[in-house]
Every structure is written in C-alpha cells, then in structure tokens.
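Take a look at the structure below.
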Amino acid sequence: NAPAKIILTISHIDPDSLASMFQKKRILETLFGKSVDVYYGGKPGRPQNQTIINTFHLNYFMMPFEHYLKKRHDDDFIILVDSPSFNDSRFGGDLGFKPNVVIDHHARPANMAEEPEGSWYWYQSSGACASLIAKLMFELGMTFSTPDEAATIGIIGILEDSARLVSRHTTQLDREMIAALGKFVDQKCVNEISLSTRDPAFM
C-alpha cells in the first residue's frame, strides 16, 4: 500500500550498502512499479566504492542525503537499507523521524522503540545486507538476465562485507545467495571490482 513515490536511503557508501540499494531499487521499480529517489549519507571514500559507483552508473540517480532534508515531507514513504535507524552521525545525528521500512543485517538497537503502525523492520544477522535483499528478490520471483547488474553488484556486496564468506558474521544465507546469484553474474566485472585498488588507509 505504499505510495507511488518511494524514498530509498543508505547511511554510508560501501559495496554492501550500494548493492542493497541497487537491488531494492530494482524490486520497487520492476515488481511494484514505484518511482524511487535514492539518497545517501557519507562520502564514497575508498577507491573501490567509487569504482562500483562508476561501473554501475549510480551517480545518475543517487543524491546526497542533505538534498532530501531540504524538501522532506512528513508523509514521505522512506525505506532504509543496511543501517538500523536514522540515529546515525552519517545522516547528521538523530533526525526525529523514522523510516517506514528497515532492512538491516546488524542487530536491532537495544534502545530502539517499536516501529510505527504500518511499518516493517527486518533485522537479521548475516554477513551482508545484500544477502537479505537477494533473498527477497528470489522469493518475489524476479527474473534475471545473463549477465545481470543486480546479481553482479549483489555478489560484490556479499563478498566484500562477508570478507569472502569467512567473516565471523557469515551465515548459510550468504552462501546460498552467492550460489543463487552466481548463475547470473558478470564474472569479469566481479573480478575487476574485487581486485580494484585499495589505498593505504583501507589496508
């Protein structure tokens, strides 16, 4: 029952948040016919993040979060992915309003109030938020081309946030989504981004 226009937000820029945003945007536009505006907190930072932005042409539709704050309306329908809440310094601190939908692979904040009526918050521990969004894509019966950009960026997000599936946060869901998305990826693109330049600060 969400309105025609959706505000899709991420608090920071890294491979997982970019993948989660890209996948969720695909779901909203392809399956539900929504118009989606995307806003981000933070800065691209590491060269690898900028490589992902350039490769998938994300600058064509991503805007800094402060642009949204200048024109925000109380009845906006907001989806937040890969972050537990708007109480995040990368958004500028506690903003005093809540998203309608949250999908995050971190633990639910202990001090977080219950979600408002008509909202849906999904917190599930996993190596990457992109694994949760990929699960939604398959459960909703989305079709993929070969190769497929949503599958490719999804694999990159999962691999990077789960440290190639060996981080202590990695779950069976991450492994299953790697296997499922792997049928549709551009492997050359995955290799190029996964092996892209890491600067001294990253190391």
So CD1 of Ile156 and OG of Ser194: to nearest 0.5 Å the spacing works out to 6.0 Å

Glu115: partners by salt bridge (charged side-chain N to carboxylate O under 4.0 Å, His left out), with sequence neighbours left out: Arg108

Checking side chain to side chain contact (heavy atoms under 4.5 Å, CB included) between Pro44 and each of Leu58, Asn54, Ile13, which is the one that passes? Ile13

Which pairs count as side chain to side chain donor-acceptor pair (under 3.5 Å) when at least one residue sits in residues 56-67, sequence neighbours excluded? none

Identify the heavy atoms of Pro15 and Gln48 that sit nearest to each other, and give their distance. CG-OE1, 3.7 Å

Tell me, do Pro99 and Thr9 make a side-chain contact under 4.5 Å, heavy atoms counted? no

What is the distance from atom CD1 of Ile103 to atom CH2 of Trp122, rounded to the nearest 0.5 Å? 6.0 Å

What distance do Asn100 atom CG and Tyr121 atom OH have between them, rounded to the nearest 0.5 Å? 7.0 Å

Which heavy atom of Ala130 sits nearest a heavy atom of Ile158, and at what distance? CB-CG1, 3.9 Å

Could you tell me whether the side chain of Tyr123 and the main chain of Val102 form a donor-acceptor pair under 3.5 Å? no

Output side-chain donor-acceptor pairs under 3.5 Å for residues 75-82, partner residues at least two apart or in another chain, one line each.
unit_1: Asp76; atom_1: OD2; unit_2: Tyr68; atom_2: OH; d: 2.8
unit_1: Asp76; atom_1: OD2; unit_2: His73; atom_2: N; d: 2.9
unit_1: Asp82; atom_1: OD1; unit_2: His105; atom_2: NE2; d: 3.1
unit_1: Asp82; atom_1: OD2; unit_2: His12; atom_2: NE2; d: 3.3
unit_1: Asp82; atom_1: OD2; unit_2: Ser17; atom_2: N; d: 3.3

Which heavy-atom pair separates Arg90 from Ser11 by the least distance, and what is that distance? CB-O, 3.2 Å

Hey, could you give me each pair passing salt bridge (charged side-chain N to carboxylate O under 4.0 Å, His left out) that has a residue in residues 12-28? Not counting sequence neighbours. Lys25-Glu29, Arg26-Asp148

Decide side chain to side chain contact (heavy atoms under 4.5 Å, CB included) for Ser162 and His169; before the verdict, give the C-alpha distance in whole Å, the side-chain angles of both, and the deciding distance to 0.1 Å. CA-CA 7 Å; Ser162 68; His169 302 292; over 6 Å; no

Contact between Gln187 and Val190 at the side-chain level, heavy atoms closer than 4.5 Å - yes or no? yes

With sequence neighbours left out, what residues match Arg72 under salt bridge (charged side-chain N to carboxylate O under 4.0 Å, His left out)? Asp74

Determine whether the aromatic ring centres of Phe65 and Phe86 lie less than 6.0 Å apart. yes

Per the side chain to side chain donor-acceptor pair (under 3.5 Å) rule, what does the pair list look like for residues 131-144, sequence neighbours excluded? Ser131-Asp174

Nearest 0.5 angstrom please: Leu181 CG to Leu159 CG, how far? 10.0 Å

Once you round to the nearest 0.5 Å, how far does OG of Ser20 lie from CG of Leu136? 10.5 Å

If we ignore hydrogens and angles and just use 3.5 Å, is the side chain of Thr152 paired with the main-chain N or O of Asp186 as donor and acceptor? yes

Can you find a heavy atom in the side chain of Pro64 that is under 4.5 Å from one in the side chain of Tyr39? no

Least distance between heavy atoms, Ala151 atom then Phe184 atom: CB-CB, 3.8 Å

Evaluate the side-chain proximity of Ile53 to Gln50: yes if any heavy-atom separation is below 4.5 Å, no if none is. yes

Does the side chain of Met177 reach to within under 4.5 Å of the side chain of Phe138, using non-hydrogen atoms? yes

Please name the pair of heavy atoms, one in Ala128 and one in Asp161, separated by the smallest distance, quoted to 0.1 Å. CB-CB, 3.9 Å

Atom pair CE (Met142) and CG (Leu140), whose distance is rounded to the nearest 0.5 Å: 8.0 Å

Check: Val38 and Phe22 side chains under 4.5 Å, non-hydrogen atoms: no

How close do Gln23 and Ala134 get, counting heavy atoms only, and between which atoms? NE2-CB, 3.8 Å

Would you say the ring centroid of Phe61 lies under 6.0 angstrom from that of Phe56? no

